[in-house]
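Single-structure report; data block below.
Because the structure is predicted, anything quoted here is derived from the model rather than measured. All ligand and atom numbering here is 1-based and tracks the order in the structure.
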Amino acid sequence: MSAQSEHAGSSTLSLDALVNLLEKIFLRHGTSPEVARVLAENCACAERDGAHSHGVFRMPGYVSTLKSGWVSGRAVPVVEDVASGFVRVDAANGFAQPALAAARPLLVAKARSAGIAVLAIRNSHHFAALWPDVEPFAYEGLVALSVVNSMTCVVPHGADRPLFGTNPIAFAAPRADGEPIVFDLATSAIAHGDVQIAARKGELLPPGMGVDSLGQPTRDPKAILEGGALLPFGGHKGSALSMMVELLAAALTGGNFSFEFDWSNHPGAKTPWTGQLLIVIDPSKAAGQDFAQRSQELVRQMHGVGLRRLPGDRRHRERARSAEGITLDEQTLAQLQALAQ
Ligand SMILES: NC(=O)C1=CN([C@@H]2O[C@H](COP(=O)(O)OP(=O)(O)OC[C@H]3O[C@@H](n4cnc5c(N)ncnc54)[C@H](OP(=O)(O)O)[C@@H]3O)[C@@H](O)[C@H]2O)C=CC1
Ligand SMILES: O=C(O)C1=NCCCC1
């Protein structure tokens, strides 16, 4: 297909054309070429996979953050080889994905030689979906787990005010016949991005997602965004996982807790300045059995008991569909083109 085709009210772009457009936006707003490429690919791949809460919807937020001076779009991450199974990165107040890209070769080498390696990223801004950070490891036969904390907007179970971020957890594992097993979920009942999207569309949320400024349950996304808060998923269980994310992504990395940064002097800033932890395991060092065959067997059994949808299946369906091109509505495309000028 050509790079861009038009239908009534929408346009279809190839993945390359979308990456190039997003890259232009990042460059136009002062990032280095390396940062622009990494973020553009990340964001375009989220859109391709139908991960809309962290696709092109996020571009105005990236731009207003860069304009506010809150984040450094030209940061050069500092990678430290601290121990046989441990890599540390100071993202230098830059985005998390370039920090991961800089540390990745060392992390993989350590995981392959020691069987397991940990990457601790601090001083970083993660404004994206987490699965793109873990899925590539599984394509290389490795198991990966990552956590990142975000900004205070979730009330811990049993508390009456927000403290945690929406704090996602992503996991990826190879399997023998098929796409890797990948899940990526916010520990809040709903991602903050999806609340913003619902507010924009004027839709109500399902019950149990959040509370208003008085702490009363509400389905109104605007009431949650304007003084209200989100709830953890699964009550005390999601709350415990969210607490764990704060400990691993912030306390262990040297990053900020979700409640610790203050962007009030940077109007327009949207990205949380926190930390991220990745654990990468080489399964060939572990069980003495072929891990990918074992994970395939688990999937076979899950399908055998009637399961129709694995986490990641929807994304891969969207990815396959996007091979024909990624469709954006006219308004969104016009907004992106304006941001690139
Ligand atoms: N950077 C940050 O600080 C933050 C980022 N986020 C991001 O927001 C995104 C959305 O998070 P969230 O709203 O919790 O994600 P969802 O609740 O939409 O999905 C969570 C996971 O469950 C899978 N899934 C969903 N429905 C089903 C089903 N019926 N059967 C089987 N599997 C299912 C999804 O797979 P599939 O993808 O195939 O649908 C996905 O792996 C994530 O990418 C997350 O990383 C969230 C919070 C903070
Ligand atoms: O959707 C969310 O929740 C978030 N996404 C990007 C960073 C802040 C929280």
Could you go step by step and tell me if Asp313 and Arg308 meet the side chain to side chain contact (heavy atoms under 4.5 Å, CB included) rule? CA-CA 9 Å; Asp313 279 353; Arg308 289 174 182 276; over 6 Å; no
Could a heavy atom of Arg58 be found less than 4.0 Å from some atom of ligand 2? yes
Polar side-chain atom of Lys270 near backbone of Tyr62 as donor-acceptor pair, under 3.5 Å: no
Thr327-Thr12 side chain donor-acceptor pair, cut-off 3.5 Å: yes
Between Leu225 and Ala199, which heavy-atom pair has the shortest distance, and what is it? CD1-CB, 3.8 Å
Where does ligand 1 get N/O contacts under 3.5 Å from the protein, atom by atom?
{"from": "ligand 1", "atom 1": "1 (N)", "to": "His126", "atom 2": "ND1", "distance (Å)": "3.1"}
{"from": "ligand 1", "atom 1": "1 (N)", "to": "Ala128", "atom 2": "O", "distance (Å)": "2.8"}
{"from": "ligand 1", "atom 1": "8 (O)", "to": "His54", "atom 2": "ND1", "distance (Å)": "3.3"}
{"from": "ligand 1", "atom 1": "14 (O)", "to": "Ala186", "atom 2": "N", "distance (Å)": "2.8"}
{"from": "ligand 1", "atom 1": "26 (N)", "to": "Arg309", "atom 2": "NH2", "distance (Å)": "3.2"}
{"from": "ligand 1", "atom 1": "35 (O)", "to": "Gly312", "atom 2": "N", "distance (Å)": "3.2"}
{"from": "ligand 1", "atom 1": "37 (O)", "to": "Arg314", "atom 2": "NH2", "distance (Å)": "3.3"}
{"from": "ligand 1", "atom 1": "38 (O)", "to": "Gly312", "atom 2": "N", "distance (Å)": "2.9"}
{"from": "ligand 1", "atom 1": "38 (O)", "to": "Arg314", "atom 2": "N", "distance (Å)": "3.3"}
{"from": "ligand 1", "atom 1": "38 (O)", "to": "Arg315", "atom 2": "N", "distance (Å)": "3.3"}
{"from": "ligand 1", "atom 1": "39 (O)", "to": "Arg309", "atom 2": "NH2", "distance (Å)": "2.9"}
{"from": "ligand 1", "atom 1": "39 (O)", "to": "Arg314", "atom 2": "NE", "distance (Å)": "2.7"}
{"from": "ligand 1", "atom 1": "39 (O)", "to": "Arg314", "atom 2": "NH2", "distance (Å)": "3.4"}
{"from": "ligand 1", "atom 1": "41 (O)", "to": "Asp184", "atom 2": "N", "distance (Å)": "3.1"}
{"from": "ligand 1", "atom 1": "43 (O)", "to": "Asp184", "atom 2": "OD2", "distance (Å)": "2.4"}
{"from": "ligand 1", "atom 1": "45 (O)", "to": "Leu130", "atom 2": "N", "distance (Å)": "3.0"}
{"from": "ligand 1", "atom 1": "45 (O)", "to": "Asp184", "atom 2": "OD1", "distance (Å)": "2.7"}
{"from": "ligand 1", "atom 1": "45 (O)", "to": "Asp184", "atom 2": "OD2", "distance (Å)": "2.9"}

Within 45° cone of Phe137 ring axis and under 6.0 Å: Arg104 NZ or CZ: yes
Counting only nitrogen or oxygen atoms and a 3.5 angstrom limit, does Gly193 reach ligand 2? yes
Starting from atom 7 (C) of ligand 2, locate the nearest protein heavy atom and write down its residue, its atom name and how far away it is, to 0.1 Å. His126 O, 3.6 Å
Could you tell me whether some N/O pair between His54 and ligand 2 is separated by less than 3.5 angstrom? yes
Near His192, which atoms of ligand 2 are under 4.0 Å from a heavy atom of that residue? 1 (O), 2 (C), 3 (O)
Atom 8 (C) of ligand 2: which protein heavy atom is closest, and how many Å away? Met151 SD, 3.5 Å
Check: Arg175 side chain, Glu179 main-chain N or O, donor-acceptor pair, under 3.5 Å: yes
What pair of heavy atoms forms the shortest contact from Gly165 to Ser242, and how long is it? O-OG, 3.6 Å
Nearest neighbour in protein (non-hydrogen) for atom 3 (O) of ligand 2: Thr166 OG1, 2.7 Å
Quiz question: by atom type and distance under 3.5 Å, do the side chains of Thr218 and Asp220 form a donor-acceptor pair? no
State the CZ-CD1 distance between Phe171 and Ile181, to the nearest 0.5 angstrom. 7.0 Å
